[in-house]
Novice: 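Please find one structure pasted underneath; my questions will follow.
Counting starts at 1 for both ligands and their atoms, following the listed order.
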Amino acid sequence: MSSTGLFISFEGIDGAGKSTHIEALAQAFAQQGRQVTLTREPGGTPLAEKLREMVLHDAMDSLTESLLVFAARRDHLQQVIEPALARGDVVLCDRFTDATFAYQGGGRGFDLTVLRQLEAWVQTSAHGLRQPDVTVWFELDPAIAAQRLAAARVPDRFESQPVAFFQAVSDGYAARAEADAARFVRLNAAQAREAVWAQLHASLVQRGWLSA
Ligand code: TYD
C-alpha cells in the first residue's frame with residue numbers, strides 16, 4: 001500500500017458531465033492497486049448528507065447556505081477525508097471548496113472575504129491548510145450545460161437557476177483557477193466523452209499520479 005495519500009477534487013457547473021469520469025478514474029486507480037475513497041460535497045458523512053438535503057432543497061439566504069456547506073465540509077474532512085489521506089488512499093471528491101467560491105461567491109454574489117475566513121477555519125488542521133492536490137475543472141459554456149440539464153432531471157435549487165447564474169459560477173471558478181493555476185487541470189467538457197477522458201487521463205499521467 002502506498003503511504004502517500006492523493007486528494008483530487010472535481011468541479012464544474014451543473015451539466016458539465018463530471019460523474020462518469022470520476023467513476024472511471026476510481027477504476028483506473030484501483031487497477032493500479034490503490035485504495036480509493038470516492039466521496040462528494042456537500043455530503044460524504046451522515047451529518048453532511050443531511051445538510052446537503054437542506055442546501056439543495058430549502059430556501060435560505062447566502063450566508064446560511066455558506067455556513068451549511070462549510071459545516072458539512074468540516075465534518076467530511078474530519079470523518080472521511082483526513083483519515084483516508086492518512087491511510088494513503090486516493091480521495092476522489094465530487095466538488096470541494098472551489099464550488100463554494102463559484103456558487104456562493106460567484107453565483108450568489110456572497111462576500112469572498114467571509115468565504116476565505118471560513119475556508120481557513122474549516123480546512124486548517126495540524127498539517128496546515130488542507131486543499132486538494134489536484135482539482136479537475138470541467139469547463140463548459142453555460143448555454144450548452146443548460147441544454148444538457150433540461151433533458152436530464154428534476155432541477156434542485158441550483159440547477160433551476162438561469163444561464164446568467166451559471167455564467168457567474170463559471171467566472172468564480174475561473175478566478176480560483178487563475179489564483180492557484182498549478183493545482184488546476186482544465187478540461188474542455190464540450191468535447192465528446194472519450195476525448196474528455198483522454199485529456200483527463202493524460203494530465204494525471206503527466207503529473208505522475210497515474211501510470212500510462
Ligand atoms: P452536484 O454535485 O452537481 O450533484 P448532482 O450531480 O447529484 O446534482 O450537486 C451539488 C450542488 O451543490 C451543485 O449544484 C453545486 C452546489 N454546491 C454549492 O452550491 N456549494 C458548494 O460548496 C458545493 C460543494 C456544492
Novice: Can Val55 be said to touch ligand 1, with heavy atoms closer than 4.0 Å?
Specialist: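 Under 4.0 Å: no for Val55.
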
Novice: Could you give the side-chain donor-acceptor pairs of residues 115-122 under 3.5 Å, partners two or more places apart or in another chain?
Specialist:
from   : atom 1 : to     : atom 2 : distance (Å)
Glu119 : OE2    : Gln131 : NE2    : 2.8
Glu119 : OE2    : Arg176 : NH2    : 2.9

Novice: Among protein heavy atoms, which lies nearest atom 2 (O) of ligand 1, and at what distance?
Specialist: Arg95 NE, 2.7 Å

Novice: Below 4.0 angstrom from a heavy atom of Leu56, which ligand 1 atoms are there? Numbered from 1 as shown, please.
Specialist: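 By the 4.0 Å cutoff, the relevant atoms are 11 (C), 12 (O).
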
Novice: Checking a contact table here: which protein heavy atom is nearest atom 25 (C) of ligand 1, and how many Å away?
Specialist: Pro42 CD, 3.5 Å

Novice: Counting non-hydrogen protein atoms only, what is the nearest one to atom 8 (O) of ligand 1? Give residue, atom name and distance.
Specialist: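 Ranked first by proximity to atom 8 (O) of ligand 1 is Glu159 OE2, 3.2 Å.
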
Novice: Quick check on Arg193: does its CZ atom have over 12 non-hydrogen neighbours (other residues, nucleotides or ligands) under 6.0 Å away?
Specialist: no

Novice: Number the atoms of ligand 1 from 1 as they appear, then name those within less than 4.0 Å of a heavy atom of Lys18, with their elements.
Specialist: 2 (O)

Novice: Should you measure from each heavy atom of Asp14, which atoms of ligand 1 turn up under 4.0 Å away?
Specialist: 3 (O), 13 (C), 14 (O)

Novice: Side-chain heavy atoms nearer than 4.5 Å, only ILVMFWY residues, links allowed to pass through others: does that put Ile8 and Trp137 together?
Specialist: no

Novice: What is the closest protein heavy atom to atom 7 (O) of ligand 1, and at what distance does it sit?
Specialist: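 Result for atom 7 (O) of ligand 1: Arg52 NH2, 3.2 Å.
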
Novice: Return the residue, atom name and 0.1 Å-rounded distance of the protein heavy atom closest to atom 6 (O) of ligand 1.
Specialist: Arg153 NH1, 3.6 Å

Novice: What atoms in ligand 1 come closer than 4.0 Å to a heavy atom of Arg73?
Specialist: 22 (O), 24 (C)

Novice: Gln104 heavy atoms, cut-off 4.0 Å: which ligand 1 atoms fall inside?
Specialist: 18 (C), 19 (O), 20 (N), 21 (C), 22 (O)

